[in-house]
Amino acid sequence: MKKAPSHVVVFDIDGTFTPKKPDDLVSLVNRVNRQASLPAAVQKELEDTRNLYHVRALNGVLPADAQQEWMRDTLDLYARHGLSLPRARAVIRNIPLRSGITACLEMLRRAEIPAAVISFGVADFVDEYLRHHGIDRLIDRVYAARLREDEHGVCSGYDASSIVVPANKGEASRHFADMHGVPYGCLLAVGDSGGDMHLGHARDNRLLIACSAEEAAALARFAGETVVCDDFSPVTHWLKTKLGLT
């Protein structure tokens, strides 16, 4: 029987793998909403919905039922108005990856530490982002809402059971640990906002990325450690320390 790994690591993606600047978190879903040629009225409805929920979600104060409502409303609009998934994937391919992430994931692979992405987003977009940047081979599982696609490449619905929201990121994290026979005390998490307050399991094993000292101070209540960075090397250092690889 194969020996269980010593740890597993779970990552958020928006603002964690994607660039993050003050008041400008690069979200895969938001980019698709704005650039994937949806009708103008639908774009406005999606933007109005985002404005209603976004700030509260980032601050970790959006109730779980509102989180579900936001995601379901977004996915319903995709299905109702026939989002073109080839167009959505083309938008995703224009979103850059933080420098140092590939090296971090390769370090985890060499150490035989499984890694997952857990996103309050759409798995189809995450899959394309990882594939385009050549790091899909380094991610063992993606937890996010799964769309259904018809023979014309149009969104025809979604799997409601696959939806991940901030409130159930911990549940998804523990599922990943259970898959690999790893105790929850050895579950490490990397995110970037109050929306990741449940990512992973123990607060002390959660690192949140900030883009300013002020944001880091605001995020400190959600994590054992915060770091202000653009490059991913401080995250790699934190993981190495937690894994005993330094």
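All residue numbers refer to positions in the sequence shown, counting from 1.
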> Where do Y129 and P96 come nearest, in terms of heavy atoms and distance?
Replying inline: OH-O, 2.7 Å
> Would F11 and V9 satisfy side-chain contact (heavy atoms from CB on, under 4.5 Å), going step by step from the backbone distance to the final call?
Replying inline: CA-CA 7 Å; F11 296 94; V9 182; 3.6 Å; yes
>> Between L97 and T18, is there a side-chain heavy-atom distance shorter than 4.5 Å?
In response: no
>> Closer than 3.5 angstrom, by distance alone: can the side chain of T74 be matched with the main-chain N or O of W70 as a donor-acceptor pair?
In response: yes
> So, does N168 use its side chain to make a donor-acceptor pair with the main chain of E171 at under 3.5 Å?
Replying inline: no
> Linking I/L/V/M/F/W/Y whenever any side-chain heavy atoms sit under 4.5 Å apart, do F120 and I209 land together?
Replying inline: yes
> Quick one: does R98's side chain have a donor or acceptor within less than 3.5 Å of a partner on P19's backbone?
Replying inline: no
> Does the pair R206/E225 count as a salt bridge with the N-to-O cut at 4.0 Å?
Replying inline: no
> Quick one: does D140's side chain have a donor or acceptor within less than 3.5 Å of a partner on A115's backbone?
Replying inline: yes
> Is it true that V29 and I118 fall in one hydrophobic cluster, defined by side-chain heavy atoms closer than 4.5 Å?
Replying inline: no
>> For D230, is the CG atom crowded, meaning more than 12 foreign heavy atoms sit under 6.0 Å from it?
In response: no
>> Salt bridge check, R50 against E45: does any charged N sit closer than 4.0 Å to a carboxylate O?
In response: no
> From W238 CH2 over to S233 OG, what is the distance, rounded to the nearest 0.5 angstrom?
Replying inline: 15.0 Å
>> Consider salt bridge (Lys or Arg N to Asp or Glu O under 4.0 Å). Of R89, R146, R93, which one does D127 pass it with?
In response: R146
> Heavy-atom distance under 4.5 Å between the side chains of R72 and I163, does that happen here?
Replying inline: yes
> Can you name the closest pair of heavy atoms from G185 and N205 and give their distance?
Replying inline: O-ND2, 2.9 Å
> Does A217 offer a backbone N or O that forms a donor-acceptor pair with the side chain of R221 under 3.5 Å?
Replying inline: no
> Within a reach of under 6.0 Å around CD of E47, are more than 12 heavy atoms found that belong to other residues, nucleotides or ligands?
Replying inline: yes
> What pair of heavy atoms forms the shortest contact from G100 to F232, and how long is it?
Replying inline: C-CB, 3.6 Å
> Can L28 be reached from L38 by stepping across I, L, V, M, F, W or Y side chains whose heavy atoms are under 4.5 Å apart?
Replying inline: yes
> Going through the distances and angles, do R131 and E128 end up as a salt bridge (Lys or Arg N to Asp or Glu O under 4.0 Å)?
Replying inline: CA-CA 5 Å; R131 186 207 62 76; E128 182 63 21; 2.8 Å; yes
>> Treating E149 as the side-chain partner and V154 as the backbone partner, does any N or O pair qualify as donor plus acceptor under 3.5 Å?
In response: no
> Is a side-chain N or O of H133 found less than 3.5 angstrom from the main chain of I95, in a donor-acceptor match?
Replying inline: yes
>> Testing the basics here: between P5 and V182, what is the closest heavy-atom pair and its distance to 0.1 Å?
In response: O-CG2, 3.4 Å
>> side-chain contact (heavy atoms from CB on, under 4.5 Å) for L62 and V165? Distances and angles first, verdict last.
In response: CA-CA 10 Å; L62 185 66; V165 298; over 6 Å; no
> When you check the gap from the basic side-chain N to the acidic O, do D12 and K169 get nearer than 4.0 Å?
Replying inline: yes
> Per the side chain to side chain contact (heavy atoms under 4.5 Å, CB included) rule, which among L207, L208, V190, D192 passes with V227?
Replying inline: L207
> Are Y78 and Y158 close enough that their ring centres sit under 6.0 Å apart?
Replying inline: no
> Is the charged tip of R141 near the ring of Y143: under 6.0 Å from the six-membered ring centre and within 45° of its axis?
Replying inline: yes
> Same cluster for I135 and I113 if Ile/Leu/Val/Met/Phe/Trp/Tyr side chains link at under 4.5 Å?
Replying inline: yes
>> Tell me whether L188 shares a hydrophobic cluster with Y184, the cluster being built from Ile, Leu, Val, Met, Phe, Trp, Tyr side chains joined at under 4.5 Å.
In response: no
